[in-house]
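Quantities reported herein were computed from a predicted structural model and do not represent experimental measurements. Each ligand, and each atom within it, is numbered from 1 in the order the structure gives. The figures that follow rest on heavy atoms only: side chains count, while hydrogens, waters and symmetry mates do not.
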Amino acid sequence: MGSSGTVAILGGGISGLAAAYKLSQIHPAPKRIVLFEAASRLGGWIHSSRNEDGVVYEHGPRTLRPVGESGITTLNLVQELGLQEQVINVPYGHPSSLNRYVYVDSKLIRLPTQLSALFKTTPPFHKPLLAAGLRDLFTSKSSKDDESMFDFVSRRLGPDIAEFAIDPLVRGVCAGDAKEISVKFLLKSLKEAEQKYGRITFGLLTSALRKPPPPTYHVSDLAKKAQLERWPVWSLQGGLQSLPESLVEKVTNAGVELYVESPCTDLEVRKDGSLVVRSGEEELHCCNVISALPSFKLSELVEKAHPTLAKLLKSIDSVTVGLVNLEWTGQRLDHDAFGFLVPSSQNSPLLGVVYDTCSFPQGDRTILTAMMGGKWFKSLFGDHVNEEALLKIALGQLQSVLGISDPPARAQVHILRQCIPQYIVGHCDRVEKIRRYVDDNRLGLVLIGASFDGVSVNDCIHNATKAVEQLATKLKI
Ligand SMILES: Cc1cc2nc3c(=O)[nH]c(=O)nc-3n(C[C@H](O)[C@H](O)[C@H](O)COP(=O)(O)OP(=O)(O)OC[C@H]3O[C@@H](n4cnc5c(N)ncnc54)[C@H](O)[C@@H]3O)c2cc1C
Ligand SMILES: C=Cc1c2[nH]c(c1C)Cc1[nH]c(c(CCC(=O)O)c1C)Cc1[nH]c(c(C)c1CCC(=O)O)Cc1[nH]c(c(C)c1C=C)C2
């Protein structure tokens, strides 16, 4: 088979599917677009299950934010796919968008959102939050180019904020340890403000006062509606899995070849710059390969020919999450919120619990998702923990925290192995080195996926779209 005009995509998660969709839309489109997926289903970590009675559980992501260029890219895509009627949003000002709890010293504490917390000591903090602002004003800037989220916030705003706000935030976004995760992961603009103004408060003030410039990119009617109505987050009826399902339908109709249960087992770069993708006995010659694989998986494929690259790719580690969906009949919560998070200082097996039916009610029932382990999975549960044991642990925790003692009407447990990449200190440099190696060695590889430039679904779709736009300008079709 000739390589000219054939593009291979490795991985059929949302990144790979978004790339396949975008590639099938460009003119002229490549002659062949072939996607290899190792698992028996497409969608990667986006996984919803639909019970026979229509009740939906999410085993991966559940809500997306509509903000920023990447939030708009996803809503644009949703409209292009004709899914706008299926969009459900949390209304502006809804308790699930305002109330976030932390579980500290055996108590659920609502994180303060009111201005009074600036002047009054409000638990779990030990000082009024104004003290944090004053500390920032009197702290000089650090010369370090990168540091951990915990160190940065502890230094600038005090250890209280680092322990009770930043540490749980990191657990609630990447199931990781704030003492290891790079400040550039979630607080890039604050780190830049420190470098530019010496104080993060000056940076916050300047950006609050500055009118954002009008967008230079397309904003669909759906994205405009989300902005106008100030949706905090949104999802899809039937679960977020409807998004990859719709992409699969569209790309199949556009002629993209999708192979499931077809792991890429070898990737060879020939001297003439063409590439050979192997999946078991099959081999495909192509002009370009888009990898939408987790970094550690791609590392295995390039290990033999490019050990230096393999080592760099492998250094972007991922953590395992035990995820337990639980359902009870009736309303079992005495407060409305997005959920609660547990700071690592509490040494709990729980990372946090999402109150799914508070954001999106599903009749007269309570559905919660407990997430456990993350960075601490192995030290908490060992190598051989099974689903039954995790269910028991989750139920015990929910009894202590929420006082729910009767057994759930239904439950599902999933052990999500190596599901969230960890952007530890130095991540940006690592990614730059990886990309430089690929360019310098003319490997013809395009790297997308959650391992590199953002873990949210929005980031994955946006980065896949941008990468294909760039590739289109130099495609050897
Ligand atoms: C529990 C959980 C909750 C989350 N919550 C949110 C949320 O609320 N909001 C949000 O925005 N994001 C959330 N995320 C993050 C988001 O879901 C992921 O970052 C995103 O789905 C990753 O997509 P991806 O396509 O880059 O990678 P993946 O989904 O990992 O896809 C990679 C694909 O490659 C396949 N593969 C692996 N090896 C091979 C091989 N050798 N050959 C071929 N295929 C291979 C895999 O089977 C997989 O299908 C959450 C993630 C998890 C795990
Ligand atoms: C307890 C563990 C986890 C919970 N969600 C995730 C984990 C690991 C994964 C996750 N959650 C979000 C993202 C996307 C980040 C983004 O950039 O949009 C990912 C990968 C969204 C999110 N969840 C929480 C926050 C603060 C955010 C960021 C954006 C937003 O404000 O929506 C908080 C949170 N997550 C979990 C709970 C229980 C919780 C708060 C109570 C579960």
Heavy-atom closest pair (Ser48 atom, His59 atom, distance to 0.1 Å) is C-CD2, 4.4 Å
Going by side-chain contact (heavy atoms from CB on, under 4.5 Å), Val7 matches just one of Ile290, Val256, Leu275. Which one? Ile290
Does Trp45, backbone or side chain, put an N or O under 3.5 Å from an N or O of ligand 1? yes
Any protein N/O atoms within less than 3.5 Å of an N/O atom in ligand 2? List the atom names and distances, or say none.
| from | atom 1 | to | atom 2 | distance (Å) |
| --- | --- | --- | --- | --- |
| ligand 2 | 5 (N) | Gly172 | O | 3.1 |
| ligand 2 | 11 (N) | Gly172 | O | 3.2 |
| ligand 2 | 17 (O) | Arg65 | NH2 | 3.1 |
| ligand 2 | 18 (O) | Arg65 | NE | 3.3 |
| ligand 2 | 18 (O) | Arg65 | NH2 | 3.2 |
| ligand 2 | 23 (N) | Gly172 | O | 3.4 |
| ligand 2 | 31 (O) | Arg100 | NH1 | 3.3 |
| ligand 2 | 31 (O) | Arg100 | NH2 | 3.4 |
| ligand 2 | 35 (N) | Gly172 | O | 3.0 |

Is ligand 1 under 4.0 Å from a heavy atom in the side chain of Leu416, in the backbone, in both, or in neither? side chain
How far is atom 15 (C) of ligand 1 from its nearest protein heavy atom, and which residue and atom name does that atom have? Val455 O, 3.3 Å
May I ask you to list the atoms of ligand 1 that are less than 4.0 angstrom from any heavy atom of Cys460? 20 (C), 22 (C), 23 (O), 26 (O)
Ring-face cation contact, Phe150 with Lys179, 6.0 Å cut, 45° max: yes
Among protein heavy atoms, which sits nearest to atom 37 (C) of ligand 1, and what does the distance come to when rounded to 0.1 Å? Leu293 CD2, 4.0 Å
Do the numbers put Arg278 on top of the ring of Phe36, so that NZ or CZ is under 6.0 Å from the six-membered ring centre and no more than 45° off the axis? no
Would you say Ser262 has any N or O atom under 3.5 Å from an N or O of ligand 1, going by distance alone? no
Just need the protein heavy atom nearest to atom 32 (C) of ligand 1, so name the residue and atom and give the distance. Ala292 O, 3.6 Å
May I ask you to check if Arg110 and Tyr101 form a cation-pi contact, with NZ or CZ under 6.0 angstrom from the six-membered ring centre and within 45° of the axis? no
Within 45 degrees of the axis of the six-membered ring of Trp376 and under 6.0 Å from its centre: does Arg171 put its NZ or CZ there? yes
Could you tell me whether atom 9 (N) of ligand 1 has a protein heavy atom closer than 4.0 Å? yes
Output the distance between atom CG (Leu402) and atom NE2 (His335), rounded to the nearest 0.5 Å. 6.0 Å
Could you check whether Phe185 and Tyr423 have their ring centres less than 6.0 Å apart? yes
With heavy-atom distances below 4.0 Å as the criterion, list the atoms of ligand 1 near Thr63. 7 (C), 8 (O), 9 (N)
Can you check whether Ser70's main-chain N or O pairs, donor with acceptor, with Thr74's side chain at less than 3.5 Å? yes
Provide the number and element of each atom of ligand 1 under 4.0 Å from a heavy atom of Arg62. 8 (O)
Run through Leu10, Leu445, Asp266 and flag the one making a side-chain contact (heavy atoms from CB on, under 4.5 Å) with Leu301. Leu10
Answer side chain, backbone, both or neither: which part of Asp459 comes under 4.0 Å from ligand 1, heavy atoms only. neither
Would Arg430 and Glu432 satisfy salt bridge (charged side-chain N to carboxylate O under 4.0 Å, His left out), going step by step from the backbone distance to the final call? CA-CA 5 Å; Arg430 226 165 281 129; Glu432 207 182 296; over 6 Å; no
Quick one: look at Leu64 and ligand 1, take heavy-atom pairs under 4.0 Å, and tell me if it's side chain, backbone, both or neither. side chain
Measure the CZ-CG distance between Phe340 and Leu351 for me, rounded to the nearest 0.5 Å. 10.5 Å
Nearest-neighbour protein heavy atom for atom 12 (N) of ligand 1, which is reported as residue plus atom name and distance: Val457 N, 3.6 Å
Side chain, backbone, both or neither: which applies to Ser15 and ligand 1 if a contact is any heavy-atom pair less than 4.0 Å apart? both
Please could you name the atoms of ligand 1 that Gly449 approaches to less than 4.0 Å, counting only its heavy atoms? 26 (O)
Using modelled atom types and a 3.5 Å cut-off, is there a donor and acceptor pairing between side-chain atoms of Arg435 and backbone atoms of Val431? no
At what distance is the nearest protein heavy atom to atom 35 (C) of ligand 1, and which residue and atom is it? Glu37 OE1, 3.3 Å
Is there a donor-acceptor pair closer than 3.5 Å between any side-chain N or O of Thr252 and the backbone N or O of Val248? yes
Who's the nearest protein heavy-atom neighbour of atom 14 (N) of ligand 1, and how far? Pro61 CB, 3.9 Å
Can you find an N/O atom of Leu323 closer than 3.5 Å to an N/O atom of ligand 1? no
Tell me which protein heavy atom sits closest to atom 52 (C) of ligand 1, plus the residue, atom name and distance to 0.1 Å. Ile420 CD1, 3.9 Å
So which heavy atom on Ser15 is nearest to which on Ile448, and how close? O-CD1, 3.5 Å
Contact (N/O only, under 3.5 Å) between Cys264 and ligand 1: yes
Checking the side chain of Ser315 only, and the main-chain atoms of Leu312 only, is there a donor and an acceptor separated by less than 3.5 Å? yes
Would you say the side-chain atoms of Asn463 pair up with the backbone N or O of Asp459, donor to acceptor, closer than 3.5 Å? yes
One residue to check: Lys297. Relative to ligand 1, which of side chain, backbone, both or neither has a non-hydrogen atom less than 4.0 Å away? side chain
What protein heavy atom sits nearest atom 34 (O) of ligand 1, and how far off is it? Gly11 CA, 3.4 Å
Please answer whether the main-chain N or O of Val260 pairs with a side-chain N or O of Glu37 as donor and acceptor at a distance below 3.5 Å. no
Any heavy atom of Val321 closer to ligand 1 than 4.0 angstrom? no
In terms of atom number and element, which parts of ligand 1 are under 4.0 angstrom from non-hydrogen atoms of Cys419? 53 (C)
